[in-house]
Amino acid sequence: LRPPPAPTPAASPPQDQPSQAAEPPPPAKDLFDAAAAPEAESDLFGAAGLEQDAPRPLADRLRPTKLSEVVGQDHLLAKGAPLRRMLDAGRLSSLVLWGPPGVGKTTIARLLAKDAHLEFEQISAIFSGVADLRKVFERAKARRAAGKGTLLFVDEIHRFNKAQQDSFLPHVESGGITLVGATTENPSFELNAALLSRAQVFTLNRLDDAALELLLKRAEKEEARDLPLTEEARELMRNMADGDGRFMLNLAEEIFAEPEGRAPIEPKELAVIVQRRAPVYDKSDESHYNLASALQKSIRGSDVDAALYWAARMVVGGEDPKFIFRRLIVVASEDVGNADPQALPLAIAAKDAYEFLGQPEGEIALGQLVTYLATAPKSNRAYVAFHNAKAAAKETGSLMPPMHAVNAPTKLMKQLGYHKGYEYDHDAEDGFAGLNYFPEAMPRRKFYQPSQYGFDKEIAKRLDYWDRKRREKSGS
């Protein structure tokens with residue numbers, strides 16, 4: 001017997017021909033894979049492709065490198081202040097930095113991350129969406145697995161909608177990120193209650209004159225020369241900055257661009273070199289109501305000059321005159337009231353005069369009204385009286401008026417006693433019948449108690465007279 005033939009080996013492919021067996025495909029990359037996603041570039045100039053030694057704006061060159069260099073925010077950063085205590089205790093919680101532009105919100109967030117040894121990630125709510133947030137959260141998750149924490153700084157956080165704000169919640173709660181949001185808007189109105197309950201709100205101050213002057217001195221040290229300004233122009237420059245440090249340094253950079261050795265710049269020339277900044281006032285945001293509140297409180301406090309200032313701020317800021325006059329009409333009734341009964345008709349007349357005259361003559365009527373209201377005697381007793389009467393009305397339900405206070409147009413109503421006992425005051429002795437017009441089931445209440453100021457004093461005398469006559473008529 002012959003042994004079975006050995007199997008013929010398969011022919012190997014030529015060396016220059018690829019094997020038919022395909023290489024296994026590379027694993028698909030997850031769009032949000034932490035390993036595939038590059039770290040977000042936190043340096044704005046690096047992101048723009050600028051080298052470290054490339055020219056940088058003065059404001060960026062003077063950016064503080066430690067928290068002790070931040071100006072104007074000692075109430076948060078000085079020894080014993082809230083943020084400093086957090087860092088000293090080694091626990092930095094999520095927070096919201098609320099303040100006007102150019103006061104150091106971004107800088108503080110960067111330095112908090114540095115001092116707390118956290119990776120700094122920055123996004124802007126204006127340019128970012130949910131997909132961007134997912135990438136950030138994935139990178140933070142990967143860092144956390146490697147033992148590194150993440151501080152996520154969200155600029156203009158109030159511009160995120162509710163769903164986007166909600167997306168932070170599980171990551172804040174789990175400790176995956178330490179959230180630091182920056183906003184120029186009142187967080188109470190612009191941020192979700194759920195997010196606010198998980199983040200402390202810290203208010204940053206508008207930079208005062210001393211803080212702005214310190215920035216100017218740092219700028220002069222950086223440039224190794226003094227700003228060519230007279231003292232008056234230097235003061236004007238600080239006023240033009242309006243509490244915004246970044247804007248102040250940008251102004252300084254424009255002045256440094258002037259030829260060296262030139263004569264000091266006077267205020268009038270300064271206004272030509274740099275365009276004057278418009279006041280920080282947005283009719284749609286909180287400042288709209290802040291200035292209106294300041295105007296009303298100034299009038300209530302009889303501070304006529306401050307009242308004129310706040311009214312002028314609203315006008316210069318572009319406020320709708322109708323809104324200003326509506327507020328002043330409220331003041332005439334609520335705060336001046338019956339202490340000067342002419343205040344309300346004058347407020348209506350001033351509003352009508354403004355509408356008739358238009359700009360700029362109509363502002364004369366506005367100024368007259370503000371000065372009249374601020375210098376008038378004040379009484380809110382009519383306002384308080386009606387407020388108390390409304391509270392009593394809600395308490396007592398639907399009590400019927402007394403029978404003598406209702407008409408009896410039908411025979412049946414007369415039979416039921418409607419209008420019975422009514423006395424016509426004009427026919428009564430002294431023109432006063434002294435009837436009680438409260439519901440029978442309700443004891444008399446004294447809602448209106450005039451003050452002793454202005455015409456209120458005369459009204460108080462009248463009330464005393466009617467009360468005395470009413471007691472005489474009722475025999476009590």
Side-chain angles (χ1 to χ4, degrees), residues 23-49 52 63 65-67 82-97 105-183 187 191-202:
E23 291 290 331
K29 291 184 178 180
D30 184 350
L31 182 62
F32 305 128
D33 183 47
E39 288 292 322
E41 179 59 73
S42 61
D43 184 346
L44 296 179
F45 294 97
Q52 184 175 359
R63 188 184 293 275
T65 58
K66 49 188 177 181
L67 286 172
L83 289 178
R84 174 55 61 191
R85 286 203 309 269
M86 277 190 186
L87 291 173
D88 291 345
R91 50 165 192 83
L92 181 63
S93 61
S94 292
L95 51 97
V96 174
L97 300 176
K105 295 186 289 293
T106 305
T107 296
I108 289 174
R110 288 177 180 273
L111 297 178
L112 287 175
K114 177 183 174 182
D115 286 5
H117 308 292
L118 300 173
E119 188 72 22
F120 182 79
E121 285 253 18
Q122 177 177 355
I123 61 173
S124 169
I126 300 176
F127 303 112
S128 305
V130 172
D132 302 293
L133 290 175
R134 287 175 182 164
K135 295 177 184 179
V136 171
F137 296 149
E138 287 295 328
R139 291 197 293 271
K141 183 178 180 180
R143 286 193 203 99
R144 192 181 187 193
K148 179 78 173 178
T150 300
L151 185 149
L152 173 58
F153 176 68
V154 184
D155 198 16
E156 303 285 346
I157 191 171
H158 61 276
R159 294 186 181 272
F160 273 144
N161 60 33
K162 183 180 185 302
Q164 291 168 320
Q165 291 183 28
D166 285 345
S167 68
F168 293 110
L169 301 180
H171 304 281
V172 170
E173 288 181 339
S174 68
I177 61 169
T178 298
L179 175 66
V180 177
T183 178
L191 299 184
N192 293 349
L195 187 58
L196 283 177
S197 70
R198 293 163 174 81
Q200 290 184 256
V201 176
F202 294 100

Closest heavy-atom contact between Pro82 and Phe202?
CB-CE2, 3.4 Å

In terms of heavy-atom contacts, Glu121 and Thr150 come closest through CG-CG2, 3.9 Å

Between Met86 and Leu83, is a side chain to side chain contact (heavy atoms under 4.5 Å, CB included) present by the stated rule, with each step listed?
CA-CA 5 Å; Met86 277 190 186; Leu83 289 178; 4.3 Å; yes

Take Leu152 and Phe137, measure what side chain to side chain contact (heavy atoms under 4.5 Å, CB included) needs, and give me the verdict at the end.
CA-CA 9 Å; Leu152 173 58; Phe137 296 149; 4.1 Å; yes

Those residues that, when tested against Asp115, pass salt bridge (charged side-chain N to carboxylate O under 4.0 Å, His left out) (two or more places apart):
none

Verify, without hydrogens or angle tests, whether Glu138 (side chain) and Lys135 (backbone) share a donor-acceptor contact under 3.5 angstrom.
no

How would you list, by chain and number, every residue that makes a ring-ring contact (aromatic ring centres under 6.0 Å, His included) with Phe153, sequence neighbours excluded?
none

Would you check, one step at a time, whether the test side chain to side chain contact (heavy atoms under 4.5 Å, CB included) holds for Gln122 with Thr106?
CA-CA 9 Å; Gln122 177 177 355; Thr106 305; 4.1 Å; yes

Non-neighbouring partners of Leu196 that pass side chain to side chain contact (heavy atoms under 4.5 Å, CB included), sequence neighbours left out
Pro187, Leu191, Val201

By salt bridge (charged side-chain N to carboxylate O under 4.0 Å, His left out), which residues pair with Arg85, not counting sequence neighbours?
none

How close do Ala199 and Val96 get, counting heavy atoms only, and between which atoms?
CB-CG2, 4.2 Å

Please enumerate all residues that pass side chain to side chain contact (heavy atoms under 4.5 Å, CB included) together with Arg198, with sequence neighbours excluded.
Leu169, Val172, Glu173, Ala194

Can you spot which of Glu156, Arg159, Lys105, His158 makes a side-chain hydrogen bond (donor to acceptor under 3.5 Å, both in side chains) with Thr183?
His158

By salt bridge (charged side-chain N to carboxylate O under 4.0 Å, His left out), Lys162 pairs with (sequence neighbours left out) Asp166

